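Structure, as structure tokens:
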Amino acid sequence: MEYSLLALLSGGLLGVWQFGIGLYRGRISRYTVVLISATAAGISYVLFMVLTQTLAFGVGEVTAGLLGGSFNVLGTLMLLRAFDCGKIGVASGVAATSTIVLIAYSIYLGEQLSAKTTAGLFGILLGLAMFYAAHLRDASPRREGQSPGTAIIWALGTALFWGLANIALDLGSRKSVNATLAVSEIPQLTIAVLLVLLGSSRVFEGVNRPSVGVLLGSGVALALSNSLFFFAAKMSDIGVVAVLASLSPIVTALMALVVFKEKLVSLEWAGLVVVVVGTCIVLY
């Protein structure tokens, strides 16, 4: 199924983006991270529009893009705050629960799920729960005076705002995916630029050529992820697409395993197996 492949690729690229923006946590201002990443994403969307010759867009795409982009930037800033307070794996896992918002939206639209798809989706959600539950058992604060639950609270805020953002963007992307997504970067760039300009002279502290390259690459990964997600949503139930794309925390954690040597415990490996089984049920 073509939409399933697009959704899985979207989740993988989203995981790459999350790892990329979390790589420099505590070393670069989160507003600067959003500014660089959003700039790369915005340029990518414009290029996609040029390549696909879909430069025309209307009021609906602009409205949906501005609203969705505003929700997105709030969610992203909360996620970066969660990264500062705790582990990337924990925050990414909790943020993935934005899927619940989209499933509720899908049901509200009257979209029907088959018994097989429902069973597969349940398996994926169960696997994701197992995956980051292992992190919660030994989660420790990164800074003195912060409880392990602080990262969870910020990440739950991310889940809510990202869910609302995807609903708004879904409404606009039914006419033009890339135009809606391009407009969605305007609030992120505006807020990031204002916060950077109003910040202290230390806002760009820690920024160097390698970090800029990583953050720009992360922004391109985000643009590809969102484009694939909403193209897949146009082909199928957005709830199903959202669950398949919610595998991003696994990609993020596996990258952390390679880069930071963070080992997976038995419960995390079990969660991975359950997720794979659930995915296979949905696909086949």
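Computed from heavy atoms alone, side chains included, the values below leave out hydrogens, waters and symmetry copies. Fair warning: this is a prediction, and the values are worked out from it, not measured in the lab.
- Between the CZ atom in F231 and the OG atom in S10 there is a gap of 12.0 Å [rounded to 0.5 Å].
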Checklist entry - What do the steps show when you test Y3 against V241 for side-chain contact (heavy atoms from CB on, under 4.5 Å), and what is the final call? => result CA-CA 7 Å; Y3 77 87; V241 172; 4.1 Å; yes

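- If you chain together hydrophobic residues whose side chains sit under 4.5 Å apart, L224 and M235 fall into the same group.
- Taking the side chain as every heavy atom from C-beta outward, F230 and N166 approach each other to under 4.5 Å.
- Follow the hydrophobic side-chain contacts under 4.5 Å out from V101 and you reach Y108 in the same cluster.
- In this structure the side chain of I238 reaches within 4.5 angstrom of the side chain of F229, judged on heavy atoms.
- Note that OG1 of T180 is 12.0 Å distant from CD of E185, once rounded to the nearest 0.5 Å.
- S70 contributes no side-chain N or O that, together with a main-chain N or O of P187, makes up a donor-acceptor pair within less than 3.5 Å.
- For the pair S106 (side chain) and L102 (backbone), a donor-acceptor distance under 3.5 Å is absent.
- Counting only heavy atoms from C-beta outward, the side chains of L194 and Y31 never approach each other to under 4.5 Å.
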Checklist entry - Does the side-chain contact (heavy atoms from CB on, under 4.5 Å) test come out yes or no for L13 and L222, once each step is laid out? => result CA-CA 6 Å; L13 289 165; L222 176 64; over 6 Å; no

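- For the pair F161 and L77, the minimum side-chain heavy-atom distance is 4.5 Å or more.
- Tested against K234 for a side-chain contact (heavy atoms from CB on, under 4.5 Å), the candidates L6, D170, V177 yield a single pass: V177.
- The main-chain N or O of N208 is found under 3.5 Å from a side-chain atom of S211 such that the two form a donor-acceptor pair.
- The distance from the CG atom of L35 to the CG atom of L215 is 10.0 Å, given to the nearest 0.5 Å.
- Note on I43: it does not cluster hydrophobically with V220, by side-chain heavy-atom contacts below 4.5 Å among ILVMFWY residues.
- Residues N226 and Y45 have side chains that bring a donor and an acceptor to within less than 3.5 angstrom of each other.
- L216 and L47 sit in two unconnected hydrophobic clusters of ILVMFWY residues. Membership requires side-chain heavy atoms under 4.5 Å apart, directly or through other members.
- Residues W162 and T76 are in side-chain contact: their nearest non-hydrogen atoms beyond the backbone lie under 4.5 Å apart.
- Here CG of L9 is found 12.5 Å from CG of L14. Values are rounded to the nearest 0.5 Å.
- Side chain of S184 to main chain of L181: a donor-acceptor pair is present (N/O by atom type, distance under 3.5 Å, no hydrogens or angles).
- Remark: N72 CG to L67 CG distance equals 10.0 Å, nearest 0.5 Å.
- The backbone N or O of A221 lies less than 3.5 Å from no partner atom in the side chain of S225, so there is not a single donor-acceptor pair.
- Taking CD of Q18 as the start and CG of L80 as the end, the distance is 10.0 Å to the nearest 0.5 Å.
- Not a single donor-acceptor pair under 3.5 Å links the side chain of S37 to the backbone N or O of V33.
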